[in-house]
Amino acid sequence: QVQLVESGGGLVQPGGSLRLSCVMSGSIFSSRLMAWYRQAPGKQRDFVAAIATGGNTNYADSVKGRFIISRDNSKNTVYLQMNSLKPEDTAIYYCYDGVFSWGQGTQVTVSS
């Protein structure tokens, strides 16, 4: 059974940075495309970023140039480095294994 556990969320001021982590267990991490999604209150869950097994990355236009997705296959972990955060980045951030498994989410709040 695949399990995804996110961490690293919190409260940050506009312009600040956070790094989210997602650890996978129960599957071969290196063979999975990994992605981050987010869901703001009252809105649908939206794509943020993805990283393929070979390291190719893809980003939503709203975060391009500010967020960086990376992976460490030796640690079964995918990261999301978030810089220049804006209030509109406030959401619950979810890790997704590219197949059908989701993490429980981690709250990110950007506010002064």
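Below, all heavy atoms of this structure are taken into account, side chains as well, without hydrogens, waters or symmetry copies. Remember, it's a predicted structure, so these values are computed and weren't measured experimentally.
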* The single option from R38, K86, E88 passing side chain to side chain contact (heavy atoms under 4.5 Å, CB included) against S62 -> R38
* Which atom pair, heavy atoms only, marks the closest approach of V2 to S27? -> CG2-CB, 3.6 Å
* Asked: Which residue pairs pass the disulfide bond (SG atoms under 2.5 Å apart) test when at least one of the two sits in residues 28-69, sequence neighbours left out?
  -> none
* To do: Heavy atoms only: give me the nearest A91-A40 pair and the separation to one decimal.
  => CB-N, 3.8 Å
* Asked: Are W36 and Y94 connected in a single hydrophobic cluster, I mean Ile/Leu/Val/Met/Phe/Trp/Tyr linked by side-chain heavy atoms less than 4.5 Å apart?
  -> no
* Is the distance between the ring centroids of W102 and Y37 less than 6.0 Å? -> yes
* To do: Give a yes or no on whether the backbone of I92 and the side-chain of Q39 come within a donor-acceptor separation of less than 3.5 Å.
  => no
* Looking at L80, V48, I69, which hits side chain to side chain contact (heavy atoms under 4.5 Å, CB included) with L20? -> L80
* Asked: Got a sec, which residues hit ring-ring contact (aromatic ring centres under 6.0 Å, His included) with Y79, two or more places apart in sequence or on another chain?
  -> none
* Of all residues at least two apart in sequence or in a different chain, which pass the salt bridge (Lys or Arg N to Asp or Glu O under 4.0 Å) check with R66? -> D89
* N83 versus S17, side-chain donor and acceptor atoms under 3.5 Å -> yes
* Count the heavy atoms of every other residue, nucleotide or ligand shown that sit under 6.0 Å from NZ of K64, and state whether that count exceeds 12. => yes
* To do: Supply the atom-to-atom distance I68 CD1 to M82 CE, rounded to the nearest 0.5 angstrom.
  => 12.0 Å
* Any donor-acceptor pair under 3.5 Å linking the side chain of T90 with the backbone of T109? -> no
* Asked: Could you state the interatomic distance from CE (M34) to CD1 (I51), rounded to the nearest 0.5 Å?
  -> 10.0 Å
* Asked: Does one hydrophobic cluster hold both V108 and V78, with members joined at side-chain heavy-atom distances below 4.5 Å?
  -> yes
* Asked: Could you give the distance from OH (Y93) to CD (Q107), rounded to the nearest 0.5 Å?
  -> 9.5 Å
* Which residue pairs satisfy the disulfide bond (SG atoms under 2.5 Å apart) criterion with at least one member in residues 10-81, sequence neighbours excluded? -> C22-C95
* Side-chain donor or acceptor of Q104 paired with backbone N/O of V5 under 3.5 Å -> no
* Asked: What residue pairs, at least two apart or across chains, pass salt bridge (Lys or Arg N to Asp or Glu O under 4.0 Å) with a residue in residues 11-33?
  -> R32-D97
* To do: Could you pull out all residues at least two apart from Y59 that satisfy ring-ring contact (aromatic ring centres under 6.0 Å, His included)?
  => none
* Got a second to check how far L85's CG is from S111's OG, nearest 0.5 Å? -> 12.0 Å
* At what distance, to the nearest 0.5 angstrom, does CG of N73 lie from CD1 of I28? -> 11.5 Å
* Asked: For the atom pair CG (L33) and OH (Y96), what is the distance rounded to the nearest 0.5 Å?
  -> 9.0 Å
* **Transitive ILVMFWY side-chain link V63 to L18, under 4.5 Å** => yes
